[in-house]
Amino acid sequence: MMLIPAVAAGMMMMGTAAQQPDPQGTGALSRADQTAPMAVDPAPAGPTVQPTEGQPADEDVVQDIVVTGEKGAPPGDPMEKLNAKSFQAVQSVDKAVVEPVAKAYNKGLPRPVRKGLRNFFSNIGEPIVFAAYLLQLKPGKAAETAGRFGVNSTLGFLGLFDVAKRKPFHLPHRNNGLANTLGYYGVGPGPYMYLPIVGPTTLRDIVGDTVDKMILPLSIGEPFNKPTYVIPATVLNQLGERAAFDETIQKLRKDDDPYAAYRDLYLKQRQAEIDALHGRAPDEPVVPVYGPGIPTPKDNGASSGVATPAVD
């Protein structure tokens with residue numbers, strides 16, 4: 001950007017020097033003038049273009065300088081390049097390893113078994129949902145969550161069967177936690193990240209989810225704090241989620257920009273879940289990229305707008 005002003009300044013200095021008289025009054029030529037040819041080169045051959053009426057001469061034409069640069073990262077995703085590389089690496093591993101195992105998991109285990117495992121992991125997370133509703137000053141929803149946990153832990157055989165969502169209880173599962181509580185009180189999501197193992201997240205979500213995962217082992221203890229439980233439980237839970245949302249993942253991979261599509265769907269779902277806590281529904285249904293979304297409180301009778309796929 002400094003090149004053009006520097007050239008213009010140099011030309012002005014040269015013109016000023018040429019107009020100054022010989023300080024000695026000798027009329028002698030400088031060394032540069034003695035060695036320079038005296039003949040003036042003729043103008044280059046070719047037709048002379050005359051300016052049209054109302055158009056300035058060539059030397060008066062001012063040309064616009066257009067500066068182009070690389071497009072910056074979108075708002076909310078300042079680490080887009082790093083996240084995109086992480087996404088590509090994870091998808092490569094997923095195609096080579098996780099996807100075949102998830103499909104074998106789907107084919108090898110009967111649907112009732114897969115559904116039972118998902119119900120079990122959902123049920124042991126109900127105390128976290130209960131605590132989140134208390135923090136959000138929603139005692140009614142907290143009581144419903146406590147009732148759901150009690151019904152499924154007893155009549156549902158430790159949560160393997162989701163009895164609470166059926167008649168006569170009508171107590172559906174709702175996702176909730178510290179990340180939602182922070183969002184409910186106005187804490188923004190912060191920068192978006194796509195991390196290995198974790199997947200799509202934001203600064204707010206990863207902080208909240210980490211605290212949520214620490215509550216159960218610290219509050220209850222064994223066996224939830226033992227590697228013999230944590231490792232297989234985590235693997236089975238992740239496989240179940242991956243298998244349940246395989247159709248959505250395959251559609252995203254066919255998008256022109258799979259990374260951006262995955263990011264946008266995740267952020268829309270998270271915002272829809274937090275809006276639902278305030279009784280607001282999105283303008284259009286949101287396709288989830290993980291688990292079902294929480295419904296809007298029944299005070300306005302609206303749906304959260306988060307489309308729930310048929311998951312096992």
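Below, all heavy atoms of this structure are taken into account, side chains as well, without hydrogens, waters or symmetry copies. If you read the sequence from its start, that first residue is 1, and numbering goes on from there.
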J.: Just wondering, do Thr202 and Leu267 contact through their side chains at under 4.5 Å, heavy atoms?
T.: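 Yes; the side chains approach each other to less than 4.5 Å.
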
J.: Identify whether Phe224 and Met214 are in the same connected component of the hydrophobic contact network (ILVMFWY, side-chain heavy atoms under 4.5 Å).
T.: no

J.: If we only count heavy atoms from C-beta on, is the Glu144 to Lys138 side-chain gap below 4.5 Å?
T.: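 Heavy-atom side-chain distance check fails, nothing below 4.5 Å.
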
J.: Mind running side chain to side chain contact (heavy atoms under 4.5 Å, CB included) on Arg114 and Tyr105 for me, showing each step along the way?
T.: CA-CA 9 Å; Arg114 299 196 306 270; Tyr105 173 90; 3.6 Å; yes

J.: Can you confirm whether Met79 is buried at CE, in the sense that more than 12 heavy atoms of other residues, nucleotides or ligands lie under 6.0 Å from that atom?
T.: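 Count over threshold, so yes.
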
J.: For the residue pair Pro189 and Asp205, establish whether any side-chain heavy-atom pair is separated by less than 4.5 Å.
T.: no

J.: Side chains of Phe149 and Thr145: closer than 4.5 Å at any heavy-atom pair?
T.: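 Answer no - side chains too far apart.
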
J.: Which heavy atom of Arg204 sits nearest to which heavy atom of Gly183, and what is that distance?
T.: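 Here Arg204 and Gly183 meet closest at NH1-CA, 3.7 Å.
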
J.: Less than 6.0 angstrom separating the ring centers of Phe87 and Tyr262, yes or no?
T.: yes

J.: Give the cluster check for Val198 versus Ile215: same hydrophobic cluster or not, with ILVMFWY residues linked at side-chain heavy-atom distances below 4.5 Å.
T.: no

J.: Could you go through the side chain to side chain contact (heavy atoms under 4.5 Å, CB included) check for Ile249 and Arg242 one step at a time?
T.: CA-CA 9 Å; Ile249 293 173; Arg242 174 61 182 80; 3.6 Å; yes

J.: Just do the side chain to side chain contact (heavy atoms under 4.5 Å, CB included) check on Asn176 and Gln136 with the steps written out, would you?
T.: CA-CA 10 Å; Asn176 209 345; Gln136 295 159 14; 3.0 Å; yes

J.: Taking Lys115 for its side chain and Asp162 for its backbone only, find out whether a donor-acceptor pair lies under 3.5 Å.
T.: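 Checking the backbone N and O of Asp162 against the side chain of Lys115, no donor-acceptor pair under 3.5 Å is found.
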
J.: Kindly indicate whether the side chain of Gln250, heavy atoms from C-beta on, has any atom under 4.5 Å from the side chain of Arg253.
T.: yes

J.: Does a side-chain heavy-atom distance below 4.5 Å link Thr201 with Tyr266?
T.: yes

J.: Would a distance-only check, ignoring hydrogens and angles, find a side-chain to backbone donor-acceptor pair under 3.5 Å from Ser86 to Leu82?
T.: no

J.: Strictly by modelled atom types, are Asp77 and Asn83 linked by a side-chain donor-acceptor pair under 3.5 Å?
T.: yes

J.: Taking atom CG of Asn175 and atom OG of Ser122, what is their separation to the nearest 0.5 Å?
T.: 7.5 Å

J.: If you take all heavy atoms of Ala243 and Ala102, which pair is closest and at what distance?
T.: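 Taking every non-hydrogen atom into account, CB-O, 3.9 Å.
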
J.: Is the backbone of Tyr192 close enough, under 3.5 Å, to the side chain of Arg263 for a donor and an acceptor to pair up by distance?
T.: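 No.
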
J.: Side chains of Ile206 and Leu195: does their closest heavy-atom pair fall under 4.5 Å?
T.: yes

J.: Going hydrophobic residue to hydrophobic residue with side-chain gaps under 4.5 angstrom, can you get from Leu109 over to Val235?
T.: yes

J.: Mind listing the closest non-hydrogen atom pair of Val289 and Leu252 along with its distance?
T.: CG1-CD1, 4.2 Å

J.: Can you name the nearest heavy-atom pair linking Met193 to Leu203, along with the distance?
T.: CE-N, 3.5 Å

J.: Report whether Tyr184 and Leu134 are members of the same hydrophobic cluster (ILVMFWY, side-chain heavy atoms less than 4.5 Å apart, transitive linking).
T.: no

J.: Enter the distance from Thr234:OG1 to Leu239:CG here, rounded to the nearest 0.5 Å.
T.: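 Answer rounded to 0.5 Å: 11.0 Å.
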
J.: How far does CD1 of Ile128 sit from CG of Asp212, to the nearest 0.5 angstrom?
T.: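 Here the rounded value is 5.0 Å.
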
J.: So how far is it from Gln271 CD to Gln269 CD, rounded to the nearest 0.5 Å?
T.: 12.0 Å

J.: Examine Phe161 and Leu117 and state if one hydrophobic cluster contains both, with Ile, Leu, Val, Met, Phe, Trp and Tyr joined whenever side-chain heavy atoms are less than 4.5 Å apart.
T.: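 Same hydrophobic cluster.
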
J.: Might you point out which heavy atoms bring Pro232 and Pro227 nearest each other, and give the distance in Å?
T.: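 Answer, listing the atom of Pro232 first, then Pro227: CD-O, 3.6 Å.
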
J.: Indicate whether any N or O donor in one side chain lies under 3.5 Å from an N or O acceptor in the other, for Asn152 and Glu126.
T.: no

J.: Are a donor atom and an acceptor atom from the side chains of Arg270 and Asn180 found within less than 3.5 Å of each other?
T.: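 A pair is found: one side chain offers a donor N or O, the other an acceptor, under 3.5 Å apart.
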
J.: Does a sphere of radius 6.0 Å around CZ in Phe157 hold more than 12 heavy atoms from other residues, nucleotides or ligands, not counting ones at 6.0 Å or beyond?
T.: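 Result for CZ/Phe157: open.
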
J.: Do you know which two heavy atoms are closest between Ala96 and Pro100, and how far apart they sit?
T.: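 Answer, listing the atom of Ala96 first, then Pro100: O-CG, 3.7 Å.
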
J.: Given side chains that start at C-beta, do those of Glu80 and Tyr259 come closer than 4.5 Å, heavy atoms only?
T.: yes

J.: Rounded to the nearest 0.5 Å, what separates atom CZ in Phe245 from atom NZ in Lys251?
T.: 12.5 Å

J.: Whether the side chain of Arg148 engages the backbone of Leu171 through a donor-acceptor N/O pair (distance < 3.5 Å, no angle test) should be reported.
T.: yes

J.: Count the heavy atoms belonging to other residues, nucleotides or ligands that lie under 6.0 Å from CD1 of Ile197, then report whether that count exceeds 12.
T.: no

J.: For side chain to side chain contact (heavy atoms under 4.5 Å, CB included), just list the numbers for Leu155 and Phe169, CA-CA rounded to whole Å, side-chain angles, deciding distance to a tenth of an Å, and then say yes or no.
T.: CA-CA 12 Å; Leu155 300 179; Phe169 306 106; 4.0 Å; yes

